[in-house]
Amino acid sequence: MKPKYTSLRGVRDILPDELRNWRIIEDKARELFRRYNYREIETPIIEPAEMFVRTVGEESDIVRKEMYIFKDRGDRLVALRPEGTAPVVRAFLENNLYIPGRVAKFYYIGDMFRYDRPQAGRQREFHQIGIEALGESSYILDVEVIMLLLEFLEELGLADTILLLNSVGCPNCRPEYSKALREFFIPNSSELCEDCNVRLENNPLRILDCKVEGCKEIVAKAPSIIDYLCDDCRTHFENVRSVLDSLGIRYVLDTRLVRGLDYYTKTTFEVTVSGLDLSIGGGGRYDGLIKDLGGPDLPGIGFAIGMERLFNVLKDKNLLLKEEEVPDYFVIYDSTLVTKAIILSRLLRYKGFIVEMSYTAKSLKSQLKEADRSKAKKAIIMREDLLVDNKVILKDMTTGEQEEVGLDKLEVSLIGQRI
RNA sequence: GUGAAUGUAGCUCAAUUGGUUAGAGCGCUGGACUGUGGAUCCAGAUGUUGGGGGUUCGAGUCCCCUCAUUCACCCCA
């Protein structure tokens with residue numbers, strides 16, 4: 001039979017087997033973030049579209065072609081959130097969570113939407129785990145944020161992560177660099193691909209990220225942003241690097257690492273694993289964003305991890321739980337014992353066991369078959385004559401061995417129950 | 001948005017240059033097994049061949065359109 005409806009392109013169901021591992025990953029994130037004193041926050045999935053246009057950047061691909069955007073019944077232009085930072089900052093300002101002199105540290109776990117063409121590691125609805133630390137400009141925080149990201153991946157068993165690091169400067173020095181890039185690329189513009197010629201106009205930094213071979217060759221000779229950083233950005237970046245070095249955290253300096261959102265300043269980073277083309281997480285500083293959203297002139301920094309990408313990597317590396325959860329007991333009874341079977345199941349569940357029961361008092365044979373298919377570890381066979389002595393048959397479904405046991409052995413008693 | 005590949009049973013896949021009634025394994029249902037599951041053997045059910053149109057005596061197979069999936073590009077998590 002064909003289903004009448006199927007899920008929309010680029011979105012999907014997360015089925016129980018997968019979701020179980022999914023939750024384990026989330027729980028590890030919650031536990032670790034808690035130790036770094038981050039607090040969970042949940043923001044709406046819809047926000048004013050304008051907010052993302054302003055923060056992510058009018059010229060960014062996210063805004064230009066990837067936002068889920070529509071008018072609601074009140075004629076407001078709303079967007080399904082394409083990323084998590086702007087909403088958290090908005091919530092921070094709207095709810096007056098800023099206490100001067102204190103860093104506000106949040107984490108979130110939720111789904112994001114980008115109207116892309118789906119492919120490996122990319123979906124229209126995808127999930128991110130992210131953190132944001134607002135109100136502190138120290139390079140020490142940069143290091144801690146990076147450390148936290150790596151520690152999380154390590155805890156999941158990912159040892160071979162690669163950290164890419166760069167600084168994208170600030171509004172003081174980046175224009176200088178853009179200018180230098182333009183001056184470098186214009187004489188070579190005929191060698192650049194079509195897209196890059198457009199980028200040359202709008203955002204020459206993006207050329208650095210181009211994957212066309214011809215462009216790559218030219219890019220290799222292009223000036224490096226590191227040489228154009230202002231004093232403040234340069235010392236900040238040097239400090240970040242030197243602390244990472246002394247902590248023994250290895251990274252690859254990638255001066256072509258340009259992240260796709262316009263609000264980034266100073267330190268930017270991405271994490272990938274060897275052999276994987278995609279980054280599984282990334283982030284950076286955004287020292288102008290809070291002010292852009294109408295708040296005080298506060299710095300901020302954060303990262304986001306792509307759940308689907310992380311999950312796929314863990315799956316490939318065999319780092320997920322395989323065993324499914326199975327019932328501890330399967331209760332079998334005959335038609336005269338329906339009530340007692342229900343009560344027994346409830347008592348066992350109250351004790352914390354996973355209990356399944358047959359919902360029709362069919363033949364013993366077919367109930368055992370059910371028990372077998374449920375993969376229950378043990379079957380409890382209730383029989384009138386044994387119940388008189390408060391006993392049931394306990395059958396081990398793996399070995400097939402069975403014995404009569406008193407209900408007290410199961411840590412329950414039907415005595416005193418209203419039956 | 002651009003390009004390519006693929007859509008056959010619940011799942012994984014067959015089906016000769018276009019040829020008659022579209023098959024197999026797994027799973028499912030039942031039986032062998034008259035209150036004890038699994039193993040084995042036997043039997044059985046299930047398809048608008050993604051959808052629509054066309055070519056042909058004849059289409060799962062060829063052509064067109066459409067939808068979906070996958071992969072790549074752009075870009076990103």
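All values derive from a computational prediction rather than experimental measurement. Proteins come first, then strands; the chains are lettered A, B, ... in the order of their sequence lines, and each starts at number 1.
To the nearest angstrom, P of A77(B) lies 10 Å from CG of L257(A). When rounded to the nearest whole Å, the span between CE of M307(A) and P of A77(B) equals 17 Å. For the pair I62(A) CD1 and C74(B) P, the interatomic distance rounds to 16 Å; values are reported in whole Å. In this structure, the CZ atom of F113(A) is 16 Å from the P atom of A77(B), given to the nearest Å. In this structure, D111(A) atom CG and A77(B) atom P are separated by 16 Å, rounded to whole Å. As a whole-Å value, the separation of D61(A) CG from U2(B) P is 15 Å. Look at CG on L80(A): it is 18 Å from P on A77(B), rounded to the nearest Å. In this structure, CZ of F303(A) is placed 13 Å from P of A77(B), rounded to the nearest angstrom.
Figure legend: cation-pi geometry between R124(A) and Y115(A), with NZ or CZ positioned under 6.0 Å from the six-membered ring centre and within 45° of its axis.
Distance check on atom P: A22(B) versus G50(B) gives 15 Å, rounded to whole Å. Annotation: G44(B) and A9(B) have their C1' atoms spaced 15 Å apart (nearest Å). One C1' atom belongs to C11(B), the other to U55(B), and the distance between them is 35 Å to the nearest Å. Separation of the C1' atoms belonging to C33(B) and C41(B) is 12 Å when rounded to the nearest angstrom. Rounded to the nearest Å, the gap between the C1' atom of G58(B) and that of U17(B) is 15 Å. Across the C1' atoms, G51(B) and U12(B) are found 24 Å apart, a figure rounded to whole Å. Nucleotides G52(B) and A59(B) are separated by 15 Å at their C1' atoms, to the nearest Å. Going from the P atom of G37(B) to that of U46(B) covers 29 Å, rounded to whole Å.
A salt bridge links R383(A) with D385(A): the distance from a Lys NZ or Arg NE/NH1/NH2 to an Asp or Glu carboxylate oxygen falls below 4.0 Å. Salt-bridge check for D292(A) with R54(A): failed, with every basic side-chain N at 4.0 Å or more from each acidic carboxylate O. Taking 4.0 Å as the cut-off between side-chain N and carboxylate O, K28(A) and E31(A) do not count as a salt-bridged pair.
Remark: T161(A) engages L150(A), L153(A), L158(A), V271(A), V273(A) in a side-chain contact (heavy atoms from CB on, under 4.5 Å) (not counting sequence neighbours).
Remark: the R117(A) side chain and the C71(B) base include no donor-acceptor N/O pair separated by less than 3.5 Å. No donor-acceptor contact under 3.5 Å links the side chain of R9(A) to the base of U69(B).
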Could you go over nucleotides 34-37 of chain B and give all protein N or O partners under 3.5 Å, atom names and distances?
residue: U36(B); atom: O2; partner: K395(A); partner atom: NZ; Å: 2.7
residue: U36(B); atom: O2; partner: Q402(A); partner atom: OE1; Å: 3.2
residue: U36(B); atom: N3; partner: Q402(A); partner atom: OE1; Å: 3.1
residue: U36(B); atom: N3; partner: Q402(A); partner atom: NE2; Å: 3.4
residue: U36(B); atom: O4; partner: Q402(A); partner atom: NE2; Å: 3.3
residue: G37(B); atom: O2'; partner: D372(A); partner atom: OD2; Å: 3.3
residue: G37(B); atom: O6; partner: G400(A); partner atom: N; Å: 3.4
residue: G37(B); atom: N1; partner: M397(A); partner atom: O; Å: 2.6
residue: G37(B); atom: N2; partner: D372(A); partner atom: OD1; Å: 2.9
residue: G37(B); atom: N2; partner: M397(A); partner atom: O; Å: 2.6
residue: G37(B); atom: N3; partner: D372(A); partner atom: OD1; Å: 3.4

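At C71(B), none of the side-chain N or O atoms of Q119(A) fall inside 4.0 Å of OP1 or OP2 (strictly under the cut-off).
Within 4.0 Å of I280(A), counting heavy atoms only, lie sugar-phosphate atoms of the nucleic acid but no base atom. Residue-level contact check: A371(A) touches neither bases nor backbone, having no heavy atom under 4.0 Å from any strand.
Sorted by first and then second residue, the ring pair (Phe, Tyr, Trp, His ring centres under 6.0 Å) pairs with a member in residues 362-393 of chain A form an empty list; sequence neighbours excluded. Applying the ring pair (Phe, Tyr, Trp, His ring centres under 6.0 Å) test to residues at least two apart or on different chains, the pairs with a partner in residues 352-401 of chain A are Y329(A)-F353(A).
Separation of atoms CE (M382(A)) and CG (L344(A)) is listed at 4.5 Å; rounding is to 0.5 Å.
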Quick one: side chains of residues 305-312 of chain A, donor-acceptor pairs under 3.5 Å with protein atoms, not counting sequence neighbours, listed by atom name and distance.
residue: E308(A); atom: OE1; partner: H127(A); partner atom: N; Å: 2.9
residue: E308(A); atom: OE2; partner: H127(A); partner atom: N; Å: 3.4
residue: E308(A); atom: OE2; partner: H127(A); partner atom: ND1; Å: 2.7
residue: R309(A); atom: NE; partner: G121(A); partner atom: O; Å: 2.7
residue: R309(A); atom: NH1; partner: S279(A); partner atom: O; Å: 3.0
residue: R309(A); atom: NH2; partner: G121(A); partner atom: O; Å: 3.1
residue: N312(A); atom: ND2; partner: E308(A); partner atom: O; Å: 3.4

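Counting only Watson-Crick and G-U wobble pairs whose two distances sit under 3.5 Å, RNA chain B takes part in these stems of three or more pairs: B:1-7 with B:67-73, B:10-13 with B:23-26, B:28-32 with B:40-44, B:50-54 with B:62-66.
For the residue pair T265(A) / R174(A), no side-chain donor-acceptor distance below 3.5 Å is found, with atom types taken as modelled.
Each of L8(A) and E125(A) has a nearest nucleotide on RNA chain B; the 5'-most of these lies closest to L8(A).
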Run the side-chain hydrogen bond (donor to acceptor under 3.5 Å, both in side chains) test on E356(A) and S374(A) for me, step by step, so that the C-alpha distance in whole Å, both residues' side-chain angles and the decisive distance to 0.1 Å come before the verdict.
CA-CA 8 Å; E356(A) 186 61 273; S374(A) 81; over 6 Å; no

